[in-house]
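This report concerns only the one structure given below.
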Amino acid sequence: MFQWNKLGKVFSPQLVEGRSWLKEFAQAPSALVFDDFVRIYFSCRPLADGNAQYVSYSAFVDLDRADLFKIKRVSEQPILSLGNLGEFDEFGTYPVSVIRDGEELRAYYAGWTRCESVPFNVAIGVATSRDGGETFTRLGNGPVLSYSPDEPYVLSGPKIRRYDGNWYLWYIAGRKWKLVDGRAEPVYKIRMASSSDGIRWTKLNKDLIESRIEEDEAQACPDVFHANGRYHMFFCYRYSSHYRSKEKGYRIGYASSSNLIDWVRDDAKAGIDVSKDGWDAEMVSYPHVFELDSKTYLAYLGNQVGRHGFGLAVLDGRLD
Amino acid sequence: MKWIKLGKIFDPTQHRMPNECVQFAQSPQALVFDGYVRIYFSTRSVDLSNGKFLSHIAFVDMRDNLSEVIRVSDKTVIPLGGLGCFDEHGIFPMSVMRHGDFIYGYTCGWNRRVSVSVDTAIGLAISRDNGLTFQRIGDGPVLAASLHEPCLVGDGFVKVIGDLFHMWYIFGTRWHRSSPDAIPDRTYKIGHATSFDGINWVKEEGRMIIGDRLGTDESQALPTVIEIDGRHHMFFCFRQSFDFRRNKDRGYRIGHAWSDDLVNWTRDDENPLLDVTPGDWDSDMLCYPNAFEHDGKVYLLYNGNEFGRFGFGLAVLEQ
């Protein structure tokens with residue numbers, strides 16, 4: 001058994017100054033450990049435009065390795081520009097997952113476009129960095145993982161990992177657009193693909209995590225962590241309608257696997273829930289587990305899916 | 001080689017069509033049956049919610065002489081895709097081929113965007129009733145945008161050669177504007193992919209297999225490939241990326257290339273094998289070719305003015 005002891009909110013985008021593209025939201029934290037700081041990538045937004053439409057950028061904040069609540073630096077620019085006219089990532093790059101690859105860093109990100117009948121579509125892109133993760137350049141103007149017969153739209157939430165020399169991508173794929181009070185809301189499920197080079201992917205074409213709260217449960221952010229001989233997945237899930245509320249909003253779920261393919265879900269073990277009050281009293285979502293100096297941390301989002309930033313918790317117990 | 005024009009053979013305004021379609025018979029695609037030739041095409045209805053077009057597949061069965069209409073499909077051949085799917089707002093074109101007892105239909109599905117008008121991808125639908133109706137293998141496409149083919153993957157034409165499925169198709173290289181206030185236009189090029197099952201494809205990924213004749217702003221569309229006397233011939237259409245709808249000097253013409261190895265293609269349309277006929281239905285534009293063999297002859301179906309609003313015609317190869 002394990003549980004996560006909450007340490008509090010660590011980053012608030014509203015406190016950052018001088019960046020018109022970073023006004024609200026710090027979503028989908030993803031950590032990369034450096035010698036004397038921990039870089040947390042996240043996705044943020046400028047204020048909404050005149051039509052109440054957002055774009056999203058990805059950026060980073062460097063936390064002091066000796067005191068994670070001390071912010072050393074916030075990136076001066078987004079790590080990646082938006083895509084060109086008509087391309088899959090023209091209106092957003094969110095979320096992002098970064099991994100080291102030799103001298104380079106590689107970022108897998110979800111690119112957003114806007115559609116007429118539904119609000120958006122999403123596909124997964126890839127970009128590399130040669131300056132230690134400060135800026136990234138696309139490997140191509142199109143997506144590296146796109147739609148297919150069983151995954152017709154909304155490929156998002158990439159989480160990149162390497163095990164035994166292979167590349168693995170956990171992500172979500174849209175299952176249906178559900179009309180709720182006249183608004184199209186996406187239902188998506190957790191999926192996986194594998195690759196020998198991180199470019200040419202083979203999809204498993206299977207839902208990894210069975211739905212629990214309802215058939216149309218939406219699942220997001222499949223964050224996989226290897227510890228004690230097993231693979232542990234923390235993810236988040238919500239109801240398909242009226243999910244911008246405490247009752248039907250995101251919670252963090254848990255599953256484990258011995259082979260990366262067959263997963264047993266057991267949300268009771270997740271070890272984290274909403275607080276009685278405060279910044280994460282309505283929702284907890286977008287979990288990301290990382291190890292630092294013999295401790296295991298969980299970065300996650302609170303109310304309004306990270307509009308006001310992300311927090312940290314530390315593992316109490318053993319992941320097994 | 002030379003194409004001898006046989007004239008317009010089908011006018012959609014003279015027939016009753018399914019899905020409340022009234023005009024357009026675009027991108028004719030032939031499938032030869034015993035005693036008749038079925039020609040699939042894309043026609044259009046009007047989306048009542050916003051006045052925009054929706055493209056639907058229909059077919060006409062023609063007698064062996066290819067001049068007499070037997071019937072026009074009176075039912076939906078393939079419904080449009082569901083909410084948010086790649087083919088929600090139209091299927092144009094659908095390329096058909098026999099495979100075993102079934103007929104494979106490779107669809108080009110259209111879905112509308114906000115910053116640009118549309119994106120497309122290629123789906124697969126299979127007919128088990130001799131081509132009357134087609135069922136998708138899934139809600140999503142078999143070929144879509146990828147790392148070096150960022151948008152507008154469409155117009156798939158598939159042929160099995162040896163043990164391999166070959167697909168020639170188009171991919172968008174970019175959206176751009178002729179002037180800062182203009183509506184965005186697209187540029188696309190012909191690409192190639194192969195597959196062992198017709199479902200899982202490996203692209204050449206961004207390789208433009210046909211050289212440009214009009215420069216980088218040349219748009220190439222609708223490849224069709226046929227073997228004639230042991231050599232592979234590709235017909236397609238090409239145009240300028242801007243001002244191509246009304247300016248007949250910038251509109252679609254039929255292009256040609258040939259290959260002996262399916263890798264290297266030699267473009268050969270400086271002297272067109274088929275050209276516009278002043279004063280006729282194809283005086284301004286030639287587009288959407290489909291080559292097929294029938295009764296020992298090689299034919300080419302194609303559209304003329306206004307992208308096929310008033311039908312398609314036929315030419316026969318003089319060798």
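So that the names make sense, note that chain A is the first sequence line, chain B the second, and so on, each numbered from 1. Worth knowing before you read on, the calculation uses all heavy atoms, side chains too, and leaves out hydrogens, waters and symmetry mates. The model shown is predicted, which means the values in this text are computed figures rather than measured ones.
Ranked by heavy-atom pairs under 4.5 Å with chain B, the first of A:Gly174, A:Pro149, A:Gly140, A:Ala184 is A:Pro149. Between chain A and the residues B:Ala144, B:Gly206, B:Ser117, B:Ser115, the most heavy-atom pairs under 4.5 angstrom are made by B:Ser115. Ranked by non-hydrogen atom pairs under 4.5 Å with chain A, the options B:Pro141, B:Gly84, B:Pro150, B:Cys151 are led by B:Pro141. Your options are B:Asp139, B:Leu143, B:Leu152, and the one with the most heavy-atom pairs under 4.5 Å with chain A is B:Asp139. Most heavy-atom pairs under 4.5 Å with chain A, from the set B:Leu147, B:Leu83, B:Val118, B:Val202: that is B:Leu147.
Counting all heavy atoms, side chain and backbone alike, B:Glu88 lies closest to A:Ser117 at OE1-OG, 2.5 Å.
Heavy atoms of A:Phe120 lying under 4.5 Å from chain B are absent altogether. Interface remark: B:Arg177 contributes side-chain atoms only to the contact with chain A (heavy atom separation under 4.5 Å). For B:His89, the part lying under 4.5 angstrom from a heavy atom of chain A is the side chain only. Using a 4.5 Å cut-off between heavy atoms, A:Asn141 contacts chain B through both its backbone and its side chain. For A:Leu179, the part lying under 4.5 angstrom from a heavy atom of chain B is the side chain only. For chain A, no part of B:Lys203 is nearby; none of its heavy atoms comes within less than 4.5 Å. Residue contact with chain B, scored on non-hydrogen atoms closer than 4.5 Å, involves the backbone and the side chain of A:Ser148 alike. At a 4.5 Å heavy-atom cutoff, B:Ala121 makes no contact with chain A through either its backbone or its side chain.
A donor and an acceptor atom, one from each side chain of B:Asn50 and A:Glu116, are located under 3.5 Å apart.
A:Tyr163 OH: more than 12 foreign heavy atoms inside a 6.0 Å radius. For B:Glu204, the CD atom is densely surrounded, since the number of other residues' heavy atoms within 6.0 Å is greater than 12. Taking a 6.0 Å sphere around CD of A:Gln53, one finds it holds more than 12 heavy atoms contributed by other residues, nucleotides or ligands. Within a 6.0 Å sphere centred on CZ of A:Arg130, other residues, nucleotides and ligands contribute 12 heavy atoms or fewer. Residue A:Leu47 qualifies as enclosed at atom CG: its count of foreign heavy atoms under 6.0 Å is above 12. Annotation for A:Asp131: atom CG counts as buried by contact number, over 12 foreign heavy atoms lying within 6.0 Å. Other residues, nucleotides and ligands place more than 12 heavy atoms under 6.0 Å from the CZ atom of B:Arg128.
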Worked verdict on A:Tyr153 versus B:Cys85 for side chain to side chain contact (heavy atoms under 4.5 Å, CB included): CA-CA 7 Å; A:Tyr153 39 70; B:Cys85 290; 3.7 Å; yes
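Counting heavy atoms from C-beta outward, B:Val114 and A:Cys115 have side chains that stay 4.5 Å or more apart.
Taken to the nearest 0.5 Å, the CH2 atom of A:Trp201 stands 15.5 Å off from the OG atom of B:Ser146. One finds the CZ atom of A:Phe88 at 11.5 Å from the CZ atom of B:Arg113 (value rounded to the nearest 0.5 Å). To the nearest 0.5 Å, atom OH of residue A:Tyr147 and atom CG of residue B:Asn111 are 8.5 Å apart. Between atom CZ of residue A:Arg200 and atom CD of residue B:Glu205 there is a gap of 10.0 Å, rounded to the nearest 0.5 Å.
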